[in-house]
Amino acid sequence: MPNATNRMLRTAAARADFLESGRSGAAGVPDIVAASWERSQAAGVDHSQPCTDFSDEIDSGSLLMRCARPVLRQLGTDVGDTPMVIALTDSRARVIQRIDTSGAVGRLLDRVNFAPGFRYSEDSMGTNGVGTVFEAGQPISVVGPEHFAENLQTFACTGAPIIDPVTRRIEGVLDISTLSTGWSPLMHTLVKAAAKDIARNLLLDRSQSQQAIFDTYIQIDAKAGRQAVLAFGDSVFMANAAAQALFSSAEQQLLRDHAIFMMGRRDKASDTIALPDDRLVTLRGTRIVVGSEVAGLVVIAEIASAPRFGLPGDFDEHVLPQIAIAGHSSSRVVGDLTRQQHQSVAVGSTPAWVRACEQVRQVLTENQPAVVIGESGSGKFTLVAEIFHDAFPDARSVSIDACQIVDEGDTDVDLDTMLAGQAGPTLFIIRNIDQASTEGAEQISNILRALAEHEEPTWCVATLSDSSLDSDLPFQMLLSHFEVAITVPPLRLRTDDLPQIVASVLRQIAPERRVRLSPAAMRVVSRYSWPRNVTQLTEALQHALRQRPVGEIQEQDLPGYCQTTVSHNLTPLEQAERDAIVAALREFDGNRVAAAAHLGMARSSLYRKLRTYGITA
Ligand SMILES: Nc1ncnc2c1ncn2[C@@H]1O[C@H](COP(=O)(O)OP(=O)(O)OP(=O)(O)O)[C@@H](O)[C@H]1O
């Protein structure tokens with residue numbers, strides 16, 4: 001029997017002994033491997049079903065990626081047709097790039113989640129050619145049964161650390177993986193040399209880039225007079241006095257994020273960006289190119305316009321619905337609201353949504369106290385207020401947030417003031433009654449009783465989250481006050497309505513700008529599950545508008561988390577499965593282990609499904 005086969009057999013037997021009886025079973029196995037098995041076991045890695053986590057926030061423009069790119073390209077050419085996969089990880093053992101010289105090896109590695117976004121640390125996947133390199137701080141080959149996990153037994157992985165020559169930190173690992181039968185000690189030499197090349201590039205890039213950015217910044221600042229000048233690079237950020245006076249540190253961070261986005265673009269180095277306070281800032285940039293890569297950007301930033309519309313929460317004619325908000329300081333009742341011309345938010349053709357709209361219209365017409373149930377941010381409040389003002393244009397509405405009702409003596413909601421100020425038909429919307437404390441629920445009960453006896457025409461609707469229904473929270477005592485329950489569907493079940501909803505949100509957050517989504521961006525929006533519903537969609541579109549204040553929003557302008565990997569429209573069965581996973585994650589506060597147990601699913605299957613459905617919650 002050849003030596004290599006013999007060695008593998010012995011290691012396989014030692015691994016079985018180790019799993020049964022601990023370190024004594026690992027006799028004859030190299031110390032570095034035996035120590036790693038022990039660490040894997042101590043970390044609680046399940047050798048029969050290890051599980052890793054996934055994140056889709058990979059920075060393709062990072063310094064490491066930039067320095068590794070030419071080396072990986074060369075390595076790919078050097079190994080030619082040898083069936084293997086070359087992988088680069090970041091400093092958190094997350095695979096950030098993979099080059100397959102063999103589709104078959106690539107497919108096999110997909111099945112064990114050795115793919116971009118997945119973490120291969122030792123405490124998640126056990127002994128392997130990435131995580132163990134981080135632990136040992138040196139190159140290592142892990143061949144066949146030397147892997148701790150069952151599903152990695154057929155592979156051989158050779159990894160070498162990429163050590164930053166300046167900081168001496170491990171910035172990542174370069175790994176070559178193949179089938180254990182095709183492993184050769186030559187791979188060790190190859191990987192070590194390539195990792196060193198990447199480290200050398202780190203040093204060169206840093207010093208050349210920093211010098212080039214600095215030189216350009218000095219030149220532009222000297223000519224800029226009193227204008228704001230900022231310089232951005234991987235580990236460089238400079239702002240002159242004018243820039244520091246003009247932008248807060250949070251705004252500077254935003255400009256930096258946008259500059260990094262601009263660095264990745266090939267078309268133009270100038271752009272306009274909206275700050276959170278809606279000032280429009282024009283950035284005129286100069287790209288700093290080192291070698292064939294963009295290493296930094298120096299920009300002159302000018303305010304193009306002052307804020308053009310109110311802050312979120314402000315009551316103004318652009319903000320729907322037209323209602324008074326019970327704020328922190330008082331429950332204001334605002335009268336004399338004139339109705340503006342606008343598109344209704346109650347649009348949509350999804351049957352569950354149409355049904356909810358009809359029911360809301362009916363309870364308001366017949367003045368029946370109702371609870372509207374649905375996921376947070378699904379638009380319960382907006383829908384009720386909108387339909388109410390549509391049906392009763394001269395009436396007013398008051399919103400009371402149940403969280404703000406504390407107790408009798410210390411309350412934000414002053415019922416007497418509210419009712420005394422009521423000079424006409426009024427809708428009271430009590431939001432999130434499921435969030436009420438015991439004292440709050442008693443207070444709300446008093447309010448509901450008082451409203452029922454009030455002489456003026458009064459409507460009363462409460463909203464609550466469907467996940468609270470089965471609980472024994474204090475709000476349960478309030479349900480007897482309501483005659484009808486209406487359910488609002490979550491956004492992910494309203495995919496047909498999404499184009500209208502997106503248009504409506506864009507009109508609301510950028511009323512004076514003609515922005516729309518490109519077809520590809522709309523596809524991204526349609527595939528994502530939106531666990532926080534319209535609230536989250538609004539945040540995502542605000543983010544996209546900051547990236548691209550005018551014109552057509554592209555898919556890369558949307559936040560990374562909603563770029564799903566789902567490449568087809570989901571079948572009803574898949575939608576049901578995705579919804580069950582989202583619900584379980586919500587129930588267990590994003591705890592994937594608990595969610596998998598609840599769903600009766602292996603953790604690895606859950607991770608695969610998360611990737612398939614693009615669920616990042
Ligand atoms: N059709 C729509 N068009 C534009 N914006 C909308 C639409 N529906 C809801 N919104 C916006 O989405 C956000 C969430 O809506 P809303 O507050 O009505 O949801 P909710 O279900 O009552 O939320 P919560 O459970 O958190 O109280 C709000 O900012 C609202 O302005």
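Atoms within each ligand, like the ligands themselves, are counted from 1 in listed order.
The aromatic rings of Trp459 and Phe388 sit perpendicular to each other, their planes meeting at more than 60°, with 30° as the lower class boundary.
Contact annotation for Thr463 and ligand 1: no heavy atom of the residue comes within less than 4.0 Å of the ligand. The parts of Lys380 lying near ligand 1 are both backbone and side chain, judged by heavy-atom distances below 4.0 Å.
Atoms of ligand 1 lying under 4.0 Å from any heavy atom of Asn432, numbered from 1 in the order shown and given with element: 24 (P), 25 (O), 27 (O). When each atom of ligand 1 is checked for a heavy atom of Thr535 under 4.0 Å away, the hits are 13 (C), 14 (C). Which parts of ligand 1 touch Ser504 is read off a 4.0 Å heavy-atom cut-off, strictly below it: atoms 1 (N), 2 (C), 3 (N), 4 (C). Atom numbering of ligand 1 starts at 1 in the shown order; those under 4.0 Å from a heavy atom of Gln508 are 4 (C), 5 (N), 31 (O).
Ligand 1 lies nowhere less than 4.0 angstrom from a heavy atom belonging to Gly374. Ligand 1 is approached by Val505 to a heavy-atom distance shorter than 4.0 Å. The shortest heavy-atom distance from Ser465 to ligand 1 is not under 4.0 Å.
At least one donor-acceptor pair under 3.5 Å links the side chain of Asp557 to the backbone N or O of Gln554. Put simply, the side chain of Asn432 never gets that close to the backbone of Gln435: no donor and acceptor are under 3.5 Å apart. Trp530 places a side-chain N or O within donor-acceptor distance of the main-chain N or O of Val525, the cut-off being under 3.5 Å. With hydrogens and angles ignored, the 3.5 Å screen pairs no side-chain donor or acceptor of Lys380 with any backbone N or O of Ala462.
The shortest N or O to N or O distance between Val534 and ligand 1 is not under 3.5 Å. In terms of N/O distances under 3.5 Å, ligand 1 is not approached by Ile501. Considering both main-chain and side-chain atoms, Gly379 comes within under 3.5 Å of ligand 1 through a nitrogen or oxygen pair.
A pairwise comparison of heavy atoms in Val534 and Leu491 identifies N-CD2, 4.0 Å as the closest pair.
We find that Glu375 and Arg492 are joined by a salt bridge, their nearest charged nitrogen and carboxylate oxygen being less than 4.0 Å apart.
The shortest distance between side-chain heavy atoms of Leu558 and Leu541 falls below 4.5 Å.
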